Protein chains: 2
Amino acid sequence: MRKEAEIFEEYLKTKKLNLTKERKAILNQVFATNGHLEADEIFLRLKKDKKDVSRATVYRTLGLLVDSGLVRKVYLGEDHIHYEHTHGHTHHDHLVCIKCGKVIEFSDKKIEKLQALVCQESGFKELSHTVQIFGYCKDCKE
Amino acid sequence: MRKEAEIFEEYLKTKKLNLTKERKAILNQVFATNGHLEADEIFLRLKKDKKDVSRATVYRTLGLLVDSGLVRKVYLGEDHIHYEHTHGHTHHDHLVCIKCGKVIEFSDKKIEKLQALVCQESGFKELSHTVQIFGYCKDCKE
DNA sequence: CCCTTTTTGAGATTTAGTCTCAATCTAAAC
DNA sequence: GTTTAGATTGAGACTAAATCTCAAAAAGGG
């Protein structure tokens with residue numbers, strides 16, 4: 001499996017863009033985290049690591065990462081978007097506990113297949129999808 | 001089937017709140033629209049109808065409607081939330097065309113069943129869910 | 001009518017995200 | 001190594017969604 005940085009660089013080349021040290025730092029930060037994180041978290045972690053990058057660049061780079069297919073946006077019921085990398089592991093979706101905030105990942109091939117079927121029936125070309133199930137987790141449902 | 005206003009009023013009573021004319025106007029506006037709409041649209045439509053209600057009240061009431069289960073939030077890939085009523089028709093989810101912005105509703109009982117199964121396996125008590133499939137619609141996929 | 005609680009609106013505030021623009025960097029061309 | 005055009009960045013202004021504050025108004029129960 002190729003490294004993310006390589007894939008990203010390749011993608012950037014097709015747009016005549018370069019893999020700068022800022023973009024690399026953001027990429028590393030996203031791939032260093034398992035699961036979802038928000039734009040501002042990336043900004044703050046980079047600041048802590050003394051790899052300062054402006055907020056504007058964080059958002060701009062996240063946009064590029066999403067376009068490249070390495071990262072996706074996920075909506076977890078909050079008023080801002082989360083990001084998570086998609087490369088190097090199978091697709092998953094989320095159970096979100098509305099009490100404790102815990103996010104549980106799940107993946108189900110059968111659901112994916114049925115979704116593909118729905119798209120086919122509508123003549124729709126799927127690029128991505130997200131499923132969120134909101135409710136109470138095991139510990140909170142008493 | 002009971003009317004929405006009745007259900008809402010009942011819900012409000014359990015919280016010792018009243019169904020005021022402002023809340024009723026917002027409820028009517030939401031149920032007058034098929035499909036999704038955004039908070040500001042409700043605010044503007046009410047203004048046009050000379051049933052002025054402040055933005056604060058629109059947001060507050062939408063929160064109550066969501067809590068009551070009559071309305072749900074949907075994320076359609078934009079930077080703000082959409083709302084749609086859930087009462088009086090079967091559950092559906094969305095195909096979102098990332099080119100023309102069209103939103104196609106679909107519903108699939110088999111997918112729902114599998115989702116319920118996933119929840120059961122995790123000991124998760126589902127309250128709601130949303131599925132979004134992003135891609136190109138029939139007319140945009142060429 | 002009185003009192004308490006609920007409700008509202010106007011506008012301030014917060015927060016996520018985008019935009020602007022001048023300064024800097026890069027890479028290729030000479 | 002210079003030049004030059006285009007890419008890139010950061011700081012902070014800006015925008016837009018959503019929330020909060022607080023005083024005034026309305027409602028409900030005695």
Side-chain angles (χ1 to χ4, degrees), chain A residues 5 8-30 36-47 49-68 71-84, chain B residues 5 8-30 36-47 49-68 71-84:
Chain A
F8 192 35
E9 189 162 22
E10 212 165 279
Y11 166 79
L12 290 169
K13 276 218 184 93
T14 69
K15 301 214 140 195
K16 299 206 188 308
L17 302 176
N18 311 308
L19 182 53
T20 62
K21 69 176 194 306
E22 288 85 358
R23 287 178 181 151
K24 202 176 254 173
I26 293 163
L27 174 102
N28 287 338
Q29 197 52 249
V30 174
H36 51 281
L37 75 180
E38 41 201 88
D40 214 53
E41 255 175 280
I42 298 171
F43 172 75
L44 293 172
R45 288 187 192 179
L46 287 171
K47 179 166 257 172
D49 289 3
K50 303 282 179 221
K51 305 211 168 182
D52 270 42
V53 166
S54 72
R55 255 179 248 272
T57 299
V58 169
Y59 280 105
R60 280 187 288 231
T61 302
L62 282 170
L64 291 168
L65 284 166
V66 170
D67 290 345
S68 78
V71 167
R72 68 169 180 151
K73 295 181 177 187
V74 277
Y75 169 67
L76 297 175
E78 292 186 46
D79 56 357
H80 59 274
I81 290 298
H82 286 81
Y83 295 85
E84 65 182 18
Chain B
F8 191 34
E9 189 163 22
E10 212 164 282
Y11 166 79
L12 290 170
K13 276 218 185 93
T14 69
K15 303 213 141 196
K16 298 206 187 307
L17 301 177
N18 312 308
L19 182 53
T20 61
K21 69 178 197 303
E22 287 86 357
R23 287 178 181 152
K24 200 176 256 177
I26 293 163
L27 174 102
N28 287 338
Q29 197 51 250
V30 174
H36 51 282
L37 76 179
E38 42 201 87
D40 214 53
E41 255 175 280
I42 298 171
F43 172 76
L44 293 173
R45 287 186 195 180
L46 287 171
K47 179 165 258 174
D49 289 4
K50 304 282 178 221
K51 307 211 168 183
D52 270 41
V53 165
S54 73
R55 273 202 178 79
T57 299
V58 170
Y59 280 104
R60 281 188 288 232
T61 302
L62 282 170
L64 291 169
L65 283 166
V66 170
D67 289 346
S68 78
V71 167
R72 67 170 181 150
K73 295 181 176 188
V74 278
Y75 169 66
L76 297 175
E78 291 186 47
D79 56 357
H80 59 274
I81 290 298
H82 286 80
Y83 296 85
E84 65 183 18

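As the structure is a computational prediction, the values presented were derived from the model and not from experiment.
At whole-Å resolution of the value, CD in A:Glu78 and P in D:dA17 are 19 Å apart. Here D:dT21 presents its P atom at 12 Å from CZ of B:Arg60, a figure rounded to the nearest Å. For B:Ile42 and D:dA17, the CD1 to C1' distance is 14 Å, given to the nearest whole Å. D:dT8 atom P lies 13 Å from atom NZ of A:Lys13, rounded to whole Å. Rounded to a whole Å, the CG atom of A:Asp52 is 16 Å from the C1' atom of D:dT8. Between the NE2 atom of B:His80 and the P atom of D:dT19 there is a distance of 14 Å, given to the nearest Å. Between the CZ atom of A:Arg55 and the P atom of D:dT15 there is a distance of 19 Å, rounded to whole Å. Summarising the geometry, the separation between CD on B:Glu41 and P on D:dA18 is reported as 12 Å, rounded to the nearest angstrom.
To the nearest 0.5 Å, atom CD1 of residue B:Ile26 and atom OG1 of residue B:Thr61 are 3.5 Å apart. The OH atom of A:Tyr11 sits 9.0 Å away from the CG atom of A:Leu65 when rounded to the nearest 0.5 Å. Of the inter-residue distances, the one linking B:Leu27 atom CG with B:Leu64 atom CG reads 11.0 Å to the nearest 0.5 angstrom. Rounded to the nearest 0.5 Å, atoms CD (B:Glu9) and CG (B:Leu12) are 7.5 Å apart.
For B:Asp79 and B:Ala56, each mapped to the nucleotide of DNA chain D holding its nearest heavy atom, the one lying further toward the 5' end belongs to B:Asp79. Both B:Val58 and B:Lys16 lie close to DNA chain C; mapped to their nearest nucleotides by heavy-atom distance, the more 5′-ward contact belongs to B:Lys16.
Here B:Asp40 lies out of heavy-atom contact (under 4.0 Å) with every strand.
Using a 4.5 Å heavy-atom cutoff, the side chains of B:Asp52 and B:Leu46 are not in contact. Side-chain contact between B:Val74 and B:Ile81: absent, with no pair of heavy atoms (C-beta onward) separated by less than 4.5 Å.
Only A:Thr20, A:Glu22, A:Arg23, listed by number, bring a heavy atom of residues 20-28 of chain A to less than 4.0 angstrom from any atom of DNA chain D.
Comparing D:dG10, D:dA7, D:dA18 against the side chain of B:Ala39 picks out D:dA18 as the nearest.
Between C:dA27 and A:Asn18, no contact under 4.0 Å exists linking OP1 or OP2 to a side-chain N or O. Look at B:Tyr59 and you'll find a side-chain N or O under 4.0 angstrom from OP1 or OP2 of D:dA18.
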Check: What do the steps show when you test B:His82 against B:Glu78 for side-chain contact (heavy atoms from CB on, under 4.5 Å), and what is the final call?
Finding: CA-CA 9 Å; B:His82 286 80; B:Glu78 291 186 47; 3.8 Å; yes
